[in-house]
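Worth saying up front: this structure is predicted, and the values here are computed from it rather than measured.
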Amino acid sequence: MLQALGWGLLAGSSYFLGGLLALRWRVNNVLLGVLTGLGAGALLSAVAYKLIAEAGRLAGGSGFVGAGLIGGAVATSWVVTGAQRGVRLSAPPLHEPRFLVIALSVVAESIVVAGGLVSGYGISAALLAAVFLCGVPEAMADTGPLLKHGLTARHVMSAWLVMTILCGVCVAVFTLLLGLVRPEVVAFVLAFAGGGVLTNVTVRMVPEGLKDAGAATGIAIAVGFGLSFSLVEILGKH
């Protein structure tokens, strides 16, 4: 339990680090877009080669993976588009910084980390790199707009600290709960998180990266994907 909490806090610290970097240095929009692309590519690779592959092994062809992917995608789309406020799912996503959307991303990534602990393959450098490459640019991109909305630097950093703690607590709780249920249920939860991550990447991260860095984002996505995949290969697929 304590080990899971520690891994979760380490992964979640990427948001605090990103917020701190944004307050310390002015970040060029192009660089921010490239970093966002790197994070998107790394997450895509981690989901494809770690999360969903493990979920498929646990599900044993029961169909839980497909159901989880669809459920996670629908739930994330509902929050990202602001559908809970009466907006249609087919409407363009809201790009205003909202901690509800960020918290959803944190919870999904915490399930990814917890899945690594529960399934037995452990926490990999590739997985942690993917989380950091997502959390750091996301916090850097949202810190400026949050300050413009009237929050003080202290309040913003306190919020990022809350996200770090949320990640740690969620990893610990999910590790405990997933260790008590059947493999098929674990497969569904992992796939649900995967669907959420994939939707967040395609609906939020990629468009924001394209807005800031244009076509360079596509190159960054490929580099991030390759970096995460290479770490998996170098470390013996763990």
Sorted by chain and residue number, the side-chain hydrogen bond (donor to acceptor under 3.5 Å, both in side chains) partners of Thr143 (sequence neighbours excluded) come out as Trp160
What one should report as the nearest heavy-atom pair of Ala40 and Val206 is CB-CG2, 4.3 Å
Quiz prompt | Cluster link Trp25 to Met140, ILVMFWY, side chain under 4.5 Å | solution = yes
>> Membership question, hydrophobic clusters at under 4.5 Å side-chain separation (ILVMFWY): are Met157 and Val162 in the same one?
In response: no
Sorted by chain and number, sequence neighbours left out, side-chain contact (heavy atoms from CB on, under 4.5 Å) with Ala213 holds for Val30, Val34, Ala216, Thr217
Side-chain donor-acceptor distances from residues 174-181 under 3.5 Å, at least two apart:
unit_1, atom_1, unit_2, atom_2, d
Thr175, OG1, Val171, O, 2.6

Residue pairs meeting salt bridge (charged side-chain N to carboxylate O under 4.0 Å, His left out), one or both in residues 58-78, sequence neighbours left out, come to none
Taking Val74's backbone N and O only, do any of them form a donor-acceptor pair with Ser77's side chain (distance below 3.5 Å, no angle check)?
no
task: Report yes if some heavy atom in the side chain of Cys167 is under 4.5 Å from a heavy atom in the side chain of Tyr15; otherwise report no.
output: no
If hydrophobic clusters are built from ILVMFWY residues whose side chains come within less than 4.5 Å, do Val113 and Leu5 share one?
no
Should Leu9 and Val173 be counted in the same cluster of Ile, Leu, Val, Met, Phe, Trp and Tyr side chains packed under 4.5 Å apart? no
Problem - Stepwise side chain to side chain donor-acceptor pair (under 3.5 Å) test for Ser158 and His155 - result: CA-CA 5 Å; Ser158 296; His155 287 152; over 6 Å; no
When every non-hydrogen atom of Leu17 is compared with those of Phe132, the smallest separation belongs to CD2-CE2, 4.4 Å
Exercise for review: Using a strict cut-off of less than 4.0 Å between a Lys/Arg side-chain nitrogen and an Asp/Glu carboxylate oxygen, indicate whether Glu208 and Lys211 qualify as a salt bridge.
Suggested key: no
Closest heavy-atom pair, Leu58 versus Pro183, reported as atoms and distance to 0.1 Å, is CB-O, 3.6 Å
Kindly say whether Gly196 contributes a backbone atom to a donor-acceptor pair with the side chain of Thr199 at under 3.5 angstrom?
no
Heavy-atom side-chain contact between Val223 and Leu38 under 4.5 Å
yes
With sequence neighbours left out, the residues meeting side-chain contact (heavy atoms from CB on, under 4.5 Å) with Ala75 are Phe192
Residue pairs meeting salt bridge (charged side-chain N to carboxylate O under 4.0 Å, His left out), one or both in residues 173-190, sequence neighbours left out, come to Arg182-Glu184
Here the salt bridge (charged side-chain N to carboxylate O under 4.0 Å, His left out) pairs for residues 144-157, sequence neighbours left out, are none
Sequence neighbours excluded, the answer for side-chain contact (heavy atoms from CB on, under 4.5 Å) partners of Leu44 is Leu198, Val201, Ile221, Phe225
Residue set satisfying side-chain contact (heavy atoms from CB on, under 4.5 Å) with Ala59, at least two apart, ordered chain then number -> Ser62, Phe64, Val65, Ala187
